[in-house]
Amino acid sequence: MMKRPGTAAAAAILLAISLVLSGCTASRLNPAGGADPRALLAEFSGRGMMGHLEALQRIADDNGGNRAAGTSGYEASGRYVEEQLRAAGYTPVRQTFTYRGDGRNRKQVESFNILADTGGSADHTVVVGGHLDSVEEGPGINDNGSGVAAILETAKWMKENGISPANRVRFAFWGAEENDLDGSRHYVNELSKAEKDQTAAYLNVDMAASPNGVRSFHDGDGSDVGDAGPKGSQEIEEVFFRFFESNSLPAETTPFEDGDSDYDPFLRAGIPGGGLFTGEEGKKTKAQVQAYGGVAGKVLDSCYHKACDTTSNANADLLKEMSAAMAYATATYALAPRG
């Protein structure tokens, strides 16, 4: 997850202006049905998310301790994701782009996104994404190896269970999020007006295994903690709410924040968005301890953007729950009738 400067008020104003000016009329779906949320939670309790984190940890260990965009660690991470997708029956493609790196000269750096599609109508595309890169300071296992693991297992689960989407799902692994959301911004900028209109929803997962974490999903209608996303974002919020409520798992909403994660370019383009987040630098409250356990007054992820964001930093139980929630939302939108 990208750390951004600036005040929440300024961010809200910028996001609101961009939503008004975007002019996108995203394809509408009616996400009322979908998979059995209780069965999915049981299914994902035995799936291999931690195995993916261990693989990404080994990649970081072999490549200078990180998986940052533009490095050998990122290339190896990309190859791992591609191998996993091909083995599951997908045909992943790389979408290359360049961005200006840090440093005095801010030289151009080349990176890539990885995209893999299901069948289904491209007129109602559901993009399910999270960033693949880490910061240079560490291996990025919670941020965002956990999101990568959740998406990979969702994609594999759909193939293994013979789910035939009515609406195309595009699984996306973004590059250079930690620089400035460069990969997801490039993807959205490359969409035509028609392709933006055909994107029914964007589902994001960024940090799904915070060690002192919470279960949270984005406040699509802005009724709890922030500004609303584009029309259709409320329905995404309701899908995640339905999953957690059906499984008697306490959960809370979290705001959209300007420049915070890969949902931002989609929201600015007028595409409905939502997603999952388990926390970073905020401190856990006493009320949150009652709901989720953990330690009051301690930050949700004390290894955020640090070298200690290793597999030892990952909350395996929380990762299972959040991965199941993402699979539920993905299947719900994949099978949803047109609204």
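Keep in mind the model is a prediction, meaning the values are calculated, not measured.
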Item to check | Audit row: Glu235, Arg242, salt bridge (charged side-chain N to carboxylate O under 4.0 Å, His left out) steps and yes/no | outcome: CA-CA 10 Å; Glu235 285 83 349; Arg242 194 159 65 234; over 6 Å; no

Same apolar cluster (I L V M F W Y, side chains within < 4.5 Å links), [X]/[Y]:
X: Tyr99; Y: Leu191; answer: no
X: Val128; Y: Tyr90; answer: yes
X: Leu276; Y: Val225; answer: no
X: Ile141; Y: Val299; answer: no
X: Val214; Y: Leu249; answer: no

Within the side chain of [X], is there an N or O that forms a donor-acceptor pair under 3.5 Å with the backbone of [Y]?
X: Asn144; Y: Met207; answer: yes
X: Asp180; Y: Asp182; answer: no
X: Asp206; Y: Asp262; answer: no
X: Ser233; Y: Gly220; answer: no
X: Asp219; Y: Pro255; answer: no
X: Asn161; Y: Trp157; answer: yes
X: Asn66; Y: Pro139; answer: no
X: Glu190; Y: Tyr187; answer: no
X: Gln234; Y: Asp221; answer: no
X: Ser210; Y: Asn212; answer: no

Flag side-chain contact, heavy atom, 4.5 Å: [X] against [Y]:
X: Asp309; Y: Tyr304; value: no
X: His131; Y: Glu178; value: yes
X: Leu56; Y: Ile59; value: yes
X: Ile114; Y: Leu85; value: yes

Next on the checklist: Could you walk me through whether Lys193 and Asp197 satisfy the salt bridge (charged side-chain N to carboxylate O under 4.0 Å, His left out) test, starting with their C-alpha distance in whole Å, then the side-chain angles of each, then the deciding distance to 0.1 Å, before giving a yes or no?
Outcome noted: CA-CA 6 Å; Lys193 174 65 165 59; Asp197 290 345; 2.8 Å; yes

Checklist entry - Aromatic ring centroids of Tyr328 and Phe240 under 6.0 Å? => result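 So the answer is no for these two rings.
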
Next on the checklist: For Phe256 and Tyr263, I'd like to know if the aromatic rings sit close, meaning centre-to-centre distance below 6.0 Å.
Outcome noted: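 Yes - the distance between ring centres of Phe256 and Tyr263 falls below the 6.0 Å cut-off.
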
Item to check | Considering all heavy atoms, the nearest Lys196-Val188 contact | outcome: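 For Lys196 and Val188, the tightest heavy-atom pair comes out as CE-O, 3.4 Å.
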
Checklist entry - Between Met158 and Ala334, which heavy-atom pair has the shortest distance, and what is it? => result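 Of all heavy-atom pairs spanning Met158 and Ala334, the closest is CE-CB, 4.1 Å.
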
Ignoring hydrogens and angles, state whether a donor on the side chain of [X] or [Y] is under 3.5 Å from an acceptor on the partner side chain.
X: Asn313; Y: Asn142; value: no
X: Ser121; Y: Asn167; value: no
X: Asp224; Y: Thr253; value: yes
X: Glu280; Y: His305; value: no
X: Thr98; Y: Glu110; value: no
X: Ser261; Y: Asn204; value: yes

Next on the checklist: Please identify which of these residues, Glu75, Glu82, Glu83, meets the salt bridge (charged side-chain N to carboxylate O under 4.0 Å, His left out) condition with Arg79.
Outcome noted: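 Testing Arg79 for a salt bridge (charged side-chain N to carboxylate O under 4.0 Å, His left out) against Glu75, Glu82, Glu83 leaves exactly one candidate, Glu75.
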
Checklist entry - Which class fits the ring pair Tyr80 and His52: parallel under 30°, tilted 30 to 60°, perpendicular over 60°? => result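 Rings of Tyr80 and His52: perpendicular, as their planes differ by over 60°.
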
Checklist entry - In terms of ring plane angle, is the pair Phe244 and Phe217 parallel, tilted or perpendicular, where the classes change at 30° and 60°? => result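 Because their plane-to-plane angle is under 30°, the rings of Phe244 and Phe217 count as parallel.
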
Can you measure from [atom1] ([X]) to [atom2] ([Y]) and round to the nearest 0.5 angstrom?
X: Ser111; Y: Arg94; atom1: OG; atom2: CZ; result: 9.0 Å
X: Leu300; Y: Phe277; atom1: CG; atom2: CZ; result: 7.5 Å
X: Phe112; Y: Thr96; atom1: CZ; atom2: OG1; result: 10.0 Å
X: Glu321; Y: Leu40; atom1: CD; atom2: CG; result: 13.5 Å
X: Leu335; Y: Ile163; atom1: CG; atom2: CD1; result: 6.5 Å
X: Phe173; Y: Asn113; atom1: CZ; atom2: CG; result: 11.0 Å

Checklist entry - Quick check: are there more than 12 heavy atoms from other residues, nucleotides or ligands sitting under 6.0 Å from CD of Glu136? => result no

Next on the checklist: I'd like to know whether NZ of Lys283 has more than 12 heavy-atom contacts from other residues, nucleotides or ligands below 6.0 angstrom.
Outcome noted: no

Checklist entry - Stepwise, does the side-chain hydrogen bond (donor to acceptor under 3.5 Å, both in side chains) test hold for Thr125 with Arg170? => result CA-CA 7 Å; Thr125 296; Arg170 172 163 288 170; over 6 Å; no

Next on the checklist: Using salt bridge (charged side-chain N to carboxylate O under 4.0 Å, His left out), reason through Glu252 and Arg215 one step at a time and then give a plain yes or no.
Outcome noted: CA-CA 6 Å; Glu252 61 191 69; Arg215 304 179 199 95; over 6 Å; no

Checklist entry - On the ring face of Tyr74, is Arg67 found with NZ or CZ under 6.0 Å from the centre and within 45° of the axis? => result no

Item to check | Aromatic Tyr292 / basic Lys284 pairing, under 6.0 angstrom, 45° off normal | outcome: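 Checked: cation-pi criterion not met.
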
Checklist entry - What's the verdict on salt bridge (charged side-chain N to carboxylate O under 4.0 Å, His left out) for Glu137 and Lys306, showing C-alpha distance, side-chain angles and the deciding distance? => result CA-CA 6 Å; Glu137 290 77 9; Lys306 296 178 181 177; over 6 Å; no

Next on the checklist: Could you walk me through whether Arg47 and Lys156 satisfy the side chain to side chain contact (heavy atoms under 4.5 Å, CB included) test, starting with their C-alpha distance in whole Å, then the side-chain angles of each, then the deciding distance to 0.1 Å, before giving a yes or no?
Outcome noted: CA-CA 10 Å; Arg47 294 199 67 90; Lys156 292 173 67 176; 3.7 Å; yes

